[in-house]
Amino acid sequence: MKRILTGLQPSGELTLGSLIGSIGQMVMYQNEYESFIFVPDMHAITVKQDPKLLKERVIKNVALYIACGLDPSKNVIYIQSENLYHANLSWVLECNTYIGEASRMTQFKDKSKKQDNVTVGLFTYPILMAADILLYDADYVPVGVDQKQHVELARDISERFNKTYGNTFKIPEPLIPEVGAKIMDLSDPTRKMSKSDVTGKGVIYLLDDEKTIRKKIMSAVTDSESKVYYDLVNKPGISNLLTIYSSLKEISIKETEEHFKDCNYGNLKKEVADLVVEKLSIIQEKYNNLINSEELDKILDNGKDVTNVIAKKKLEEVFNKVGLGRY
Ligand code: AQP
């Protein structure tokens, strides 16, 4: 069975974008692949975090992964910082990555513009991500389009390492969903819906209550035309609502356009809001049953054990090949 791996940073509360662009994809893949999903908490500290909030969010995210449909018996679920091999491999990979290629990462350019003090960790983050992937010989990494470049960097680093030191890593491939590849902010549909957004006005969080969800969707920015059709360039707001609907309904954009072709913007928004409320209320109910249960600890202990065994073996092989330690 091929192996698939992904993680969602606990840099904020998980959003509708996280669900459609990432967790939903993993739910689809869990029957087909051997699935690894983790909470990359070490990535989150590339920008300032409140330590208490961060710890809480890590657990919340795990509960949300499961509430969104990830079955713990089909997925290895773990916390990145509970496995010290990630950072160790990252160091070796950093020493095999060029400043030039790391500097080309567009997400670093975007994120560093938003920070007053940019950390070295934010710059080297894609290399830690390469370590996250390569430690487990993942075949596929499902990502939104914005993260594709990072998987390509992991491919470049692993190919180079294999050439220099002999075959060590599997070369991972990005998996990009066809629909819903990028969910945009409702108040500015030219920007990605992001969990660390400062105002959160255009962001649907998975734990938002019904009133908040409806308010955010009903105030989504659209355009001055009144016809509903998909056109990313001229109608980013309407296209975003159509994408959300088609992803949650699991129908094509064409079918979605057809469904809404005689609707005005108000009706479109109302129907999208109804669907989002329906989907999120099911997730929230499961989440509430899970969040304080002992089951979560058991799932995470298992993930920690399983991944530490695999990662130890891979890191020892790497250390041996580059001349470190006594393996
Ligand atoms: N809005 C989105 N639409 C589609 N896919 C998305 N992803 C995130 N937001 C959207 C995908 O989710 C995966 C995990 O990404 P992440 O949460 O680790 O990091 P990110 O891409 O940086 O997500 P955010 O929400 O934008 O976080 P912050 O605000 O901290 O930067 C990835 O595959 C991502 O593409």
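Atoms within each ligand, like the ligands themselves, are counted from 1 in listed order.
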Numbered atoms and elements of ligand 1 in range of [X], under 4.0 angstrom, heavy atoms:
{"X": "Gly21", "result": "4 (C), 5 (N)"}
{"X": "Lys111", "result": "22 (O), 28 (P), 30 (O), 31 (O)"}
{"X": "Val143", "result": "33 (O)"}
{"X": "Lys182", "result": "3 (N), 4 (C)"}

Nearest heavy atom to [atom] wins, so pick from [options].
{"atom": "atom 26 (O) of ligand 1", "options": "Gly12, Pro10, Ser194, Ser196", "value": "Ser194"}
{"atom": "atom 6 (C) of ligand 1", "options": "Gly17, Pro142, Ser11, Pro40", "value": "Gly17"}
{"atom": "atom 8 (C) of ligand 1", "options": "Gln25, Lys195, Glu13, Lys192", "value": "Lys192"}

Is Gln107 in contact with ligand 1, taking contact as a heavy-atom separation below 4.0 Å?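 Checking ligand 1 against Gln107, which is what was asked, there is a heavy-atom contact under 4.0 Å.
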Proximity flag Gly7 to ligand 1, non-hydrogen atoms under 4.0 Å: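 A heavy atom of Gly7 does come that close to ligand 1.
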Please say whether the positively charged group of Lys321, taken as NZ for Lys or CZ for Arg, lies over the ring of Phe161, i.e. under 6.0 angstrom from the six-membered ring centre and within 45 degrees of the axis.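 No - Lys321 does not lie over the ring of Phe161 by the 6.0 Å and 45° rule.
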Describe, in one word, how the ring planes of Phe260 and Tyr245 are oriented to each other, choosing from parallel (under 30°), tilted (30 to 60°) and perpendicular (over 60°).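 Phe260 vs Tyr245 ring planes: perpendicular.
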Give the cluster check for Tyr230 versus Leu275: same hydrophobic cluster or not, with ILVMFWY residues linked at side-chain heavy-atom distances below 4.5 Å.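 Yes, same cluster.
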Are Ile299 and Ile291 joined in one hydrophobic group, where the rule is that I, L, V, M, F, W and Y side chains link up if heavy atoms are under 4.5 Å apart?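 Yes, Ile299 and Ile291 fall within the same hydrophobic cluster.
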Considering both backbone and side-chain atoms of [X], is one of its nitrogen or oxygen atoms within less than 3.5 Å of a nitrogen or oxygen in ligand 1?
{"X": "Leu8", "result": "no"}
{"X": "Met184", "result": "no"}
{"X": "Asp197", "result": "no"}

Steps toward ring-ring contact (aromatic ring centres under 6.0 Å, His included) verdict (Tyr136, His86): CA-CA 10 Å; Tyr136 301 102; His86 288 243; 5.6 Å; yes
So, Lys235 and Glu225, do they make that salt bridge, N to O below 4.0 Å?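 Salt bridge between Lys235 and Glu225, a charged N being under 4.0 Å from a carboxylate O: yes.
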Side-chain hydrophobic cluster, 4.5 Å single linkage: members besides Leu128: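 Via sub-4.5 Å side-chain contacts, Leu128 links to Met42.
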Neighbour count >12 (heavy atoms, 6.0 Å) for atom NZ, Lys109: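 Yes - once you tally the heavy atoms of other residues, nucleotides and ligands closer than 6.0 Å, there are more than 12.
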